[in-house]
Structure formats: structure tokens, C-alpha cells
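Just below is one structure, and these are the notes that go with it.
Just so it is clear, the values below take in all heavy atoms, side chains as well, and ignore hydrogens, waters and symmetry mates. Count residues from 1 along the sequence.
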Amino acid sequence: MQIAPGVNASAWHDLKLDDPKAADWNRAVEILVSRIRDRYLGPIDFLIQSEEAKPAAQRRFGFTVLAIDCLLVETLEAFIEGLEDTDGQSKKVFRRFLRTRKQFAAEFTSDDIANRFYEQFRCGILHQAETGGDSKVWSVGPLLRVEGNAITVNRNKFHDCLKTEFQTYLSELRDPQNSTLRGNFLKKMNFISRL
């Protein structure tokens with residue numbers, strides 16, 4: 001089973017990660033980069049770039065972009081927390097990411113806004129193929145605009161913020177002093193690469 005392009009689960013298990021300063025830690029992080037880039041970031045970047053020259057009103061990939069980004073939010077928080085899966089706790093996990101990660105916390109200033117985003121976008125798009133209520137996906141303007149019960153999200157800014165958060169997480173993970181974060185990462189990757 002491949003856990004990233006060209007990386008089998010057995011290759012993951014061959015890494016020596018007991019020593020926080022081991023050279024294999026660089027390889028472990030690069031495996032994660034490859035996994036996230038190929039499954040999430042690359043496809044979204046391609047979709048956004050393919051519509052860049054079009055006027056905002058003619059861009060059509062908003063739901064797809066946001067659907068994949070919502071999957072990535074949950075995935076990253078599962079790595080951060082060391083969760084094998086998010087079954088039965090996805091709302092809490094999703095909300096915690098939006099409320100605590102620097103790129104999002106300034107916009108998601110309350111649990112209510114984070115919960116509504118989760119329900120109207122993450123669940124709406126992934127389960128119903130539509131946003132909930134009067135909420136909209138757009139590609140211009142601020143990251144988030146809340147007007148009454150309606151939320152408008154700029155898919156491009158959301159994606160850029162998510163890429164920045166991923167880079168921040170990678171920097172934190174590369175630091176040998178972050179033993180708890182590394183332990184959580186190992187727990188998640190060991191679950192993914194179970195033989």
C-alpha cells in the first residue's frame with residue numbers, strides 16, 4: 001500500500017524515528033509533504049489556476065476547491081492531535097482548527113461562526129452538494145463575510161491560508177523540541193501505514 005506517491009507503508013516502518021535528531025525525521029516530513037501535496041494542494045492549485053483569467057462570476061470550481069480544502073482541514077487537525085480518525089468528532093476537530101490556527105482564528109472569532117461554516121460548507125458541500133442557508137462560495141473579497149445567517153467564503157483566500165497553515169505545521173514538526181506534536185504525527189502516520 002502506498003501512503004504517498006512512490007512510498008510504500010513498509011518504507012515508512014523502516015524509518016528510524018526514535019532519536020529526535022535522526023536524519024530520518026527529514027524523510028518522514030517529506031513523506032507527509034508528498035502525501036498532502038499530491039492528494040490535496042496540487043489538485044486545488046490546478047483548479048484555481050485554471051480559472052484565474054476568468055472573471056469572478058464565470059469561475060465554477062468553488063465547491064470542488066472548498067470540498068477538498070475542508071477534507072484537508074480535518075486531515076491536518078487529525079495529524080496535529082494524533083487522531084487515527086475523526087469519526088464522531090469531526091465537528092469538534094474542524095472547529096478547533098478554525099478557532100486556533102493563526103491564519104483562521106482572526107476570522108472565525110466564535111464557535112458559532114466556526115460551527116456554521118462546518119455545517120453550511122463542510123457538511124453542506126460534502127453531504128448535500130450545496131451550501132447551507134444563504135451561504136456562498138466566491139473567489140474574490142475577504143476570506144470570510146458574515147451577514148446574518150449567511151456566510152460568504154473566498155475559496156482562494158481560504159486555500160492560501162490553509163497552505164500557510166500547512167507550512168507552519170511543517171516548520172513546527174521539523175523542530176526536534178516539539179516532542180508532543182511529533183508523537184501525534186507518528187501516531188497518525190503509523191495508523192495510515194498499518195500493514
- Going from CD on Gln49 to CG on Asn156, what distance comes out if it is rounded to the nearest 0.5 angstrom? 10.5 Å

Side chains of residues 90-98: which donor-acceptor pairs under 3.5 Å do they make with residues two or more places apart or in other chains?
residue: Ser90; atom: OG; partner: Tyr118; partner atom: OH; Å: 2.7
residue: Lys91; atom: NZ; partner: Glu119; partner atom: OE2; Å: 2.7
residue: Arg95; atom: NH1; partner: Asn115; partner atom: OD1; Å: 3.1
residue: Arg96; atom: NE; partner: Glu81; partner atom: OE2; Å: 2.6
residue: Arg96; atom: NH2; partner: Glu81; partner atom: OE1; Å: 2.9
residue: Arg96; atom: NH2; partner: Glu81; partner atom: OE2; Å: 3.1

- Verify side chain to side chain donor-acceptor pair (under 3.5 Å) between Thr86 and Glu74, making sure each step is shown before the conclusion. CA-CA 8 Å; Thr86 58; Glu74 210 162 312; 2.6 Å; yes

- Item | Beyond-backbone contact of Leu47 with Thr64, side-chain heavy atoms, under 4.5 angstrom | yes

- Task: Return yes if a side-chain donor-acceptor contact under 3.5 Å exists between Asp45 and His159, otherwise no.
- Result: yes

- Intermediate values then yes/no, side chain to side chain contact (heavy atoms under 4.5 Å, CB included), Val7 and Gln2: CA-CA 5 Å; Val7 181; Gln2 286 199 345; over 6 Å; no

- For the side chain of Asn184 and the backbone of Phe79, is there at least one donor-acceptor N/O pair under 3.5 Å apart? no

- Query: Sub-3.5 Å donor-acceptor pair from the side chain of Gln128 to the main-chain atoms of Cys123, do we have one?
  - Reply: no

- Message: Under 6.0 Å between ring centres: does that hold for Phe191 and Trp12?
- Response: no

- So, the side chain of Asn178 versus the backbone of Leu173: is there a donor-acceptor pair under 3.5 Å, distance only? no

- Query: Is the backbone N or O of Gly82 less than 3.5 Å from a side-chain atom of Lys188, with the two atoms forming a donor-acceptor pair by type?
  - Reply: no

- Can you list the steps and then say if Ile113 with Leu144 is a side chain to side chain contact (heavy atoms under 4.5 Å, CB included)? CA-CA 10 Å; Ile113 294 172; Leu144 209 63; 3.9 Å; yes

- Assess whether side chain to side chain contact (heavy atoms under 4.5 Å, CB included) is satisfied between Ile36 and Thr75, documenting all intermediate values. CA-CA 9 Å; Ile36 299 299; Thr75 297; 4.1 Å; yes

- Task: Sequence neighbours left out, what pairs pass salt bridge (Lys or Arg N to Asp or Glu O under 4.0 Å) with at least one residue falling in residues 130-152?
- Result: Arg145-Glu147

- Message: Do the side chains of Arg101 and Glu172 get close enough for a salt bridge, i.e. N-O under 4.0 angstrom?
- Response: yes

- Does the side chain of Pro20 reach to within under 4.5 Å of the side chain of Arg182, using non-hydrogen atoms? yes

- Query: Ser135 side chain to Ile151 main-chain N or O, any donor-acceptor pair under 3.5 Å?
  - Reply: yes

- Query: In terms of ring plane angle, is the pair Phe158 and Phe104 parallel, tilted or perpendicular, where the classes change at 30° and 60°?
  - Reply: tilted

- Any donor-acceptor pair under 3.5 Å linking the side chain of Arg122 with the backbone of Ala67? no

- Contacts of Lys157 that satisfy salt bridge (charged side-chain N to carboxylate O under 4.0 Å, His left out) - sequence neighbours left out: none

- Query: Taking the side chain as C-beta and beyond, is there a heavy-atom pair between Glu77 and Val73 under 4.5 Å?
  - Reply: no

- Note on the structure: When every non-hydrogen atom of Phe117 is compared with those of Cys70, the smallest separation belongs to CE2-SG, 4.3 Å

- Determine yes or no for a side-chain-to-main-chain donor-acceptor pair under 3.5 angstrom, with Thr168 supplying the side chain and Thr164 the backbone. yes

- Query: With Tyr169, which residues qualify under side-chain hydrogen bond (donor to acceptor under 3.5 Å, both in side chains), at least two apart?
  - Reply: none

- Query: Are Phe166 and Cys161 side-chain neighbours, meaning at least one heavy-atom pair lies under 4.5 Å?
  - Reply: no

- Option passing side-chain contact (heavy atoms from CB on, under 4.5 Å) with Thr131 (candidates Val137, Val153, Leu66, Thr152): Val137

- Message: Show every salt bridge (Lys or Arg N to Asp or Glu O under 4.0 Å) that has at least one partner inside residues 46-65, sequence neighbours left out.
- Response: Glu51-Arg155

- Task: Would you indicate whether the side-chain heavy atoms of Ile44 and Leu162 approach each other to under 4.5 Å?
- Result: no

- Item | Path from Leu72 to Phe61 over hydrophobic side-chain contacts below 4.5 Å | yes

- Query: Are the side chain of Asn8 and the backbone N or O of Ser10 linked by a donor-acceptor pair below 3.5 Å?
  - Reply: no

- Query: Is a side-chain donor or acceptor of Ser171 paired with a backbone partner of Gln167 at a separation under 3.5 angstrom?
  - Reply: yes

- Enumerate the residue pairs fulfilling salt bridge (Lys or Arg N to Asp or Glu O under 4.0 Å) with a member in residues 13-42, sequence neighbours excluded, ordered by first and then second residue. Glu30-Arg174

